[in-house]
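Shown next, in structure tokens, is the structure this report addresses.
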Amino acid sequence: MNRIIIWSITVALAGFLFGFDTVVISGANEPIKQLWNTSPLFHGTFIMSMALWGTVVGSLFGGIPTNNWGRKKTLLWVGILFLVSAVGSALAQDPYSFSAFRFIGGVGVGISTVAAPIYISEITSKENRGKLVGLYQFWLVFGILIAFVSNWLLKDFDGANDWRWMLGVEALPAFIYTVMVFTVPESPRWLALNKKDDAGALKILEIIYPKDLASSHLQEIKTDQVHTTKSESLFQKKYSKVLWLAFFIAFFNQLSGINFVLYYAPEILEQAGLGGKESLFNSIAIGIVNLVFTFIGIRLLDKLGRRQLIVIGSIGYIISLIMVGLCFQMDLGSTLTLTFICTFVASHAIGQGAVIWVFISEIFPNSVRAYGQSWGVSVHWVFAAIITLITPFFLDSSEGILKNHVWYIYYFFCAMMVLQLIWAITKMPETKGVSLEELSKELVKE
């Protein structure tokens with residue numbers, strides 16, 4: 001079991017790079033806007049959301065290398081993409097090259113959200129799958145926290161070049177992660193089904209399960225493939241249920257407003273009266289809350305189950321979003337606003353944050369898991385990119401659509417979370433404690 005944990009932690013480190021890369025831009029947001037004098041349209045489309053559009057591309061097509069090259073080789077390329085992006089964006093001399101390098105990092109993020117959760121789900125037992133796949137989310141939010149801390153420490157470090165250090169420091173963990181991935185084996189399910197390497201798959205399965213049970217698990221994996229073909233299309237009637245499940249959990253994840261809060265945390269906190277370097281420091285509080293409640297959520301994944309956590313998180317979302325909206329609308333003070341923003345982040349961490357990558361990686365059959373994961377995470381990232389792109393139009397103090405009425409967007413996110421609560425109660429199946437092959441039989445109808 002120790003080796004399984006080490007492999008899972010190693011691969012989950014892709015989540016750290018994901019979290020760091022996507023949130024580190026929050027500290028560079030204002031300096032870049034001033035340096036290149038970007039308009040809200042250009043700033044939203046290129047500077048802030050280009051990485052998100054790269055993530056969309058990476059998630060849309062990430063299933064191809066994950067399926068054809070293997071999980072391990074794909075994860076190696078993820079590390080290389082992060083490394084190139086970190087160095088390139090830190091050295092960029094104009095907004096166009098900057099956007100290009102941010103796009104490359106986004107591609108790495110998108111592919112990692114396909115390959116890493118799949119890999120971990122395929123090397124773990126059903127009893128531990130939730131908490132081990134959940135490590136990806138834990139490292140993700142730890143990366144977010146470290147990005148906030150790094151931004152705060154590097155503020156006023158090198159004057160006008162602070163933002164370059166904020167972005168460039170990611171090169172170090174990207175290099176370490178890439179080296180570490182060489183130490184993990186390939187997924188036994190990929191070896192058995194794609195490479196037809198039963199001996200190699202059995203060798204790894206004997207580490208995951210007691211030796212006397214490994215052969216039966218290999219046979220179960222191969223039996224799951226009987227009614228499918230390698231070139232089978234994901235978009236057909238028998239997969240409609242799992243396609244919709246993946247769509248809605250990804251859709252609601254972004255319509256909660258979580259990326260709106262995390263990516264623009266310093267700017268939102270400035271609107272709440274916590275300006276300057278203080279806004280970066282208070283962003284760290286958000287990161288700490290995110291990390292603590294993610295840890296709690298991961299611990300509960302295999303106890304309470306995926307659906308129960310979504311229900312709990314939805315209730316927390318609804319209450320906190322109403323209160324954040326009221327704080328802005330009635331000017332209830334910066335401390336109260338920060339308190340309910342942290343409550344909102346905690347609700348996300350214990351619910352959607354802990355569940356989404358685990359749930360999507362579980363519900364698709366072995367034969368189409370890579371493409372199914374790609375479908376689910378691409379939905380997630382399309383909506384993330386759209387929200388990030390349009391946010392400057394709401395937040396910009398002089399040109400924003402809502403100007404001094406930004407609280408409406410929090411009420412909108414609240415309404416979406418009411419819909420998520422209804423969906424979770426009425427449509428979402430529970431997947432805890434069920435093997436991947438058993439889930440395939442339950443959720444896919446011939």
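Because the structure is a prediction, the values reported are computed rather than measured.
- By the 4.5 Å heavy-atom criterion applied to side chains, L436 and K126 are not counted as neighbours.
- Paired with I360 under the rule side-chain contact (heavy atoms from CB on, under 4.5 Å), one option of V114, I249, V133, I118 passes, and it is I249.
- Applying the side-chain contact (heavy atoms from CB on, under 4.5 Å) test to F340 and every residue at least two apart in sequence or in another chain returns M323, V324, C327, L336, T343.
- With sequence neighbours excluded, no residue forms a side chain to side chain donor-acceptor pair (under 3.5 Å) with E430.
- Side chain of N253 to main chain of G353: no donor-acceptor pair is present (N/O by atom type, distance under 3.5 Å, no hydrogens or angles).
- Note: W139 and F16 have perpendicular aromatic rings, judged against thresholds of 30 and 60 degrees for the angle between ring planes.
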Residues 414-428 side chain polar contacts: donor-acceptor under 3.5 Å, at least two apart:
from : atom 1 : to   : atom 2 : distance (Å)
Q420 : OE1    : Q352 : NE2    : 2.8
Q420 : NE2    : S314 : OG     : 2.7
T426 : OG1    : I422 : O      : 2.7

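- Between atom CG of residue L291 and atom CD of residue Q137 there is a gap of 10.5 Å, rounded to the nearest 0.5 Å.
- A donor-acceptor pair under 3.5 Å links the side-chain atoms of T124 to the main chain of I120, judged by distance alone.
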Side-chain donor-acceptor pairs under 3.5 Å in residues 168-185, sequence neighbours left out?
from : atom 1 : to   : atom 2 : distance (Å)
Y177 : OH     : L75  : O      : 3.2
T178 : OG1    : A174 : O      : 2.8
T183 : OG1    : M180 : O      : 2.6

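- Listed by first and then second residue, the salt bridge (Lys or Arg N to Asp or Glu O under 4.0 Å) pairs involving residues 7-26 are D21-R102 (not counting sequence neighbours).
- In this structure, K241 does not pair ionically with E442, as no charged nitrogen and carboxylate oxygen lie closer than 4.0 Å.
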- Message: If you apply the rule side-chain contact (heavy atoms from CB on, under 4.5 Å), what do you find for L243 with F364, and how did you get there?
- Response: CA-CA 8 Å; L243 284 168; F364 290 95; 4.1 Å; yes
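- By the 30° and 60° cut-offs, the orientation of the rings of W375 relative to F235 is perpendicular.
- A pairwise comparison of heavy atoms in S374 and F61 identifies OG-N, 4.1 Å as the closest pair.
- Atom CG of residue L245 and atom CG of residue L443 lie 6.5 Å apart, to the nearest 0.5 angstrom.
- Here the CG atom belonging to L13 is positioned 12.0 Å from the CG atom belonging to L140, to the nearest 0.5 angstrom.
- Scanning for side chain to side chain donor-acceptor pair (under 3.5 Å) contacts around Q93 gives an empty result, with sequence neighbours left out.
- At distances below 3.5 Å, at least one donor-acceptor pair connects side-chain atoms of W190 with backbone N or O atoms of N67.
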Exercise for the section: Let me see the working for L167 and F101 under side-chain contact (heavy atoms from CB on, under 4.5 Å), right down to the final yes or no. Expected result: CA-CA 11 Å; L167 295 167; F101 282 112; over 6 Å; no
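- Ring geometry for F251 against F247 counts as parallel: the plane angle stays under 30°, on a 0 to 90° scale with 60° as the upper cut.
- Of all the heavy atoms in I111 and G62, the pair that sits closest is CG1-CA, 4.2 Å.
- Heavy-atom minimum distance, S8 versus I123: OG-CD1, 3.8 Å.
- Using a 4.5 Å heavy-atom cutoff, the side chains of W381 and V109 are in contact.
- Between the side chain of N161 and the main chain of R164, no donor-acceptor pair closer than 3.5 Å is present.
- In the displayed structure, K73 atom NZ is contacted under 6.0 Å by at most 12 heavy atoms of other residues, nucleotides or ligands.
- Closest heavy-atom contact between G134 and L301: CA-CD1, 4.4 Å.
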side-chain contact (heavy atoms from CB on, under 4.5 Å) assessment of K131 paired with N128: CA-CA 6 Å; K131 64 184 178 183; N128 298 299; 3.1 Å; yes
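- A heavy-atom distance below 4.5 Å is found between the side chains of V358 and R306.
- Residue S99 comes nearest to M50 through the heavy atom pair O-CG, 3.1 Å, listed as atom of the first residue, atom of the second, then distance.
- Side-chain atoms of L193 and S367, non-hydrogen and from C-beta on, never get closer than 4.5 Å to each other.
- Looking only at atom types and distance, the side chain of Y136 has a donor-acceptor partner in the side chain of S112 under 3.5 Å away.
- With hydrogens and angles ignored, the 3.5 Å screen pairs a side-chain donor or acceptor of Q373 with a backbone N or O of T113.
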Next item on the list: Apply side-chain contact (heavy atoms from CB on, under 4.5 Å) to the pair L83 and I80, showing each step before the final yes or no.
Entry: CA-CA 5 Å; L83 183 60; I80 293 170; 5.6 Å; no
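- Closest heavy-atom contact between R71 and A370: NH1-CB, 4.2 Å.
- Looking only at distances, no side-chain donor or acceptor of S59 sits under 3.5 Å from a matching main-chain atom of G110.
- Here the CG atom belonging to N151 is positioned 11.0 Å from the CD1 atom belonging to I146, to the nearest 0.5 angstrom.
- Between P31 and D162 there is no side-chain heavy-atom pair separated by less than 4.5 Å.
- Between D302 atom CG and K432 atom NZ the span is 8.5 Å, to the nearest 0.5 Å.
- Put simply, CZ on F20 and CG on L17 are 9.0 Å apart, with the number rounded to the nearest 0.5 Å.
- Residues I288 and F148 form no side-chain contact, since every pair of their non-hydrogen atoms from C-beta on lies 4.5 Å or further apart.
- Checking side-chain atoms of Q308 against main-chain N and O of G305 turns up no donor-acceptor pair under 3.5 Å.
- The shortest distance between side-chain heavy atoms of S216 and L213 falls below 4.5 Å.
- Note: W36 and W163 have perpendicular aromatic rings, judged against thresholds of 30 and 60 degrees for the angle between ring planes.
- Formation of a donor-acceptor pair under 3.5 Å by the S240 side chain with backbone atoms of K237 is found in this model.
- I4 places a side-chain heavy atom less than 4.5 Å from the side chain of I208.
- Classification of the F142-F138 ring pair by plane angle, with boundaries at 30° and 60°, yields parallel.
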